[in-house]
Amino acid sequence: MAFSKAIGSQIVGIHSVVPRQKEDNMELELIPEADREALVHHTGIRYRRIASEDQDIKRLFQVATEKLLQKLDWNPDSIDVLICVTQAPSMVIPSVSNRIHGDLKLNPQALCFDLIAGCSGFVYGLQTVQAILKSITKENKRAILCCGDISTQLIDPN
């Protein structure tokens, strides 16, 4: 297993956005009550967030990015890199990151792209951001990494 260190970079802010609607795993009628209890006990997941059909990952990433920029008091023009990691983008072209870049009027020189990845996506995205930031020669480089999926739209509720 490979190990790496992120020297010269730091995570300075995190912002999470989830759908409002949630479902209680203890109320799943599809499985017996004992199995529900085992599910919650073994996974630690009592509630699942449920996205509405009109929600998409781009919107959730954009809201999180806007809130993060406000929280950090960063100007959108100061962003050098925007990477969005998801295994199910709402559309492939243009990429989620490029659409957010345009909507939020980020730095016209910013490098933006999507990584299609699931469980390993955060680590993959973090390593990619780190490598790109090392290659940028300016001072005070800034990157935003968005990671997430709306799995409730991919999975049959039954």
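Index from 1, following the sequence.
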Joint hydrophobic cluster, F122 plus L60, side-chain heavy atoms closer than 4.5 Å: no

From CG (L111) to CG (D80), nearest 0.5 Å: 9.5 Å

L115-V129 co-clustered via ILVMFWY side chain contacts under 4.5 Å: yes

Side-chain heavy-atom pair N107, R142 within 4.5 angstrom cut-off: no

Closest non-hydrogen atom pair between V85 and G125, with its separation: CG2-CA, 4.1 Å

Interatomic spacing from OG in S95 to NE2 in H101 - rounded to 0.5 Å: 10.0 Å

Cluster link I132 to I11, ILVMFWY, side chain under 4.5 Å: yes

Other residues, nucleotides, ligands: >12 heavy atoms within 6.0 Å of L30 CG: yes

From SG (C112) to CZ (R99), nearest 0.5 Å: 12.5 Å

K67 atom NZ, neighbour heavy-atom count above 12 within 6.0 Å: no

Audit row: H15, V63, side chain to side chain contact (heavy atoms under 4.5 Å, CB included) steps and yes/no: CA-CA 9 Å; H15 192 84; V63 168; 5.8 Å; no

Residue from D56, V96, V17, I144 passing side chain to side chain contact (heavy atoms under 4.5 Å, CB included) with F61: V96

Closest approach of R49 to R20 (non-hydrogen atoms, all atoms of both residues): NH1-O, 3.1 Å

Non-hydrogen atoms of A88 and I57 that approach each other most closely: O-CG2, 4.2 Å

K105, NZ atom: more than 12 neighbouring heavy atoms under 6.0 Å: no

Over all atoms of both residues, closest heavy-atom pair of L82 and C146: CD1-SG, 4.1 Å

F113 atom CZ, over 12 foreign heavy atoms within 6.0 Å: yes

Contact summary for Q55 and P19, nearest pair of heavy atoms: OE1-CB, 3.5 Å

Rounded distance [0.5 Å steps], CD in E27 versus CD in E33: 10.5 Å

Distance-only polar pair, side chains of D149 and S151, donor-acceptor under 3.5 Å: no

Side chain to side chain contact (heavy atoms under 4.5 Å, CB included), paired with L145, selected from V81, I83, T128: I83

Distance, nearest 0.5 Å, that separates CG of N140 from CH2 of W74: 9.5 Å

Atom of V12, atom of L72 and distance for their closest heavy-atom approach: O-CD2, 3.4 Å

Under 3.5 Å donor-acceptor, R36 side chain and M26 backbone: yes

Steps toward side chain to side chain donor-acceptor pair (under 3.5 Å) verdict (S78, N75): CA-CA 5 Å; S78 72; N75 184 318; 5.6 Å; no

Any residue meeting side-chain contact (heavy atoms from CB on, under 4.5 Å) with I45, in chain and number order, not counting sequence neighbours: N25, T43, R48

Nearest-0.5 Å distance that lies between atom CZ in R46 and atom CG in L39: 11.0 Å

In one Ile/Leu/Val/Met/Phe/Trp/Tyr side-chain cluster, 4.5 Å: I79, I14: no

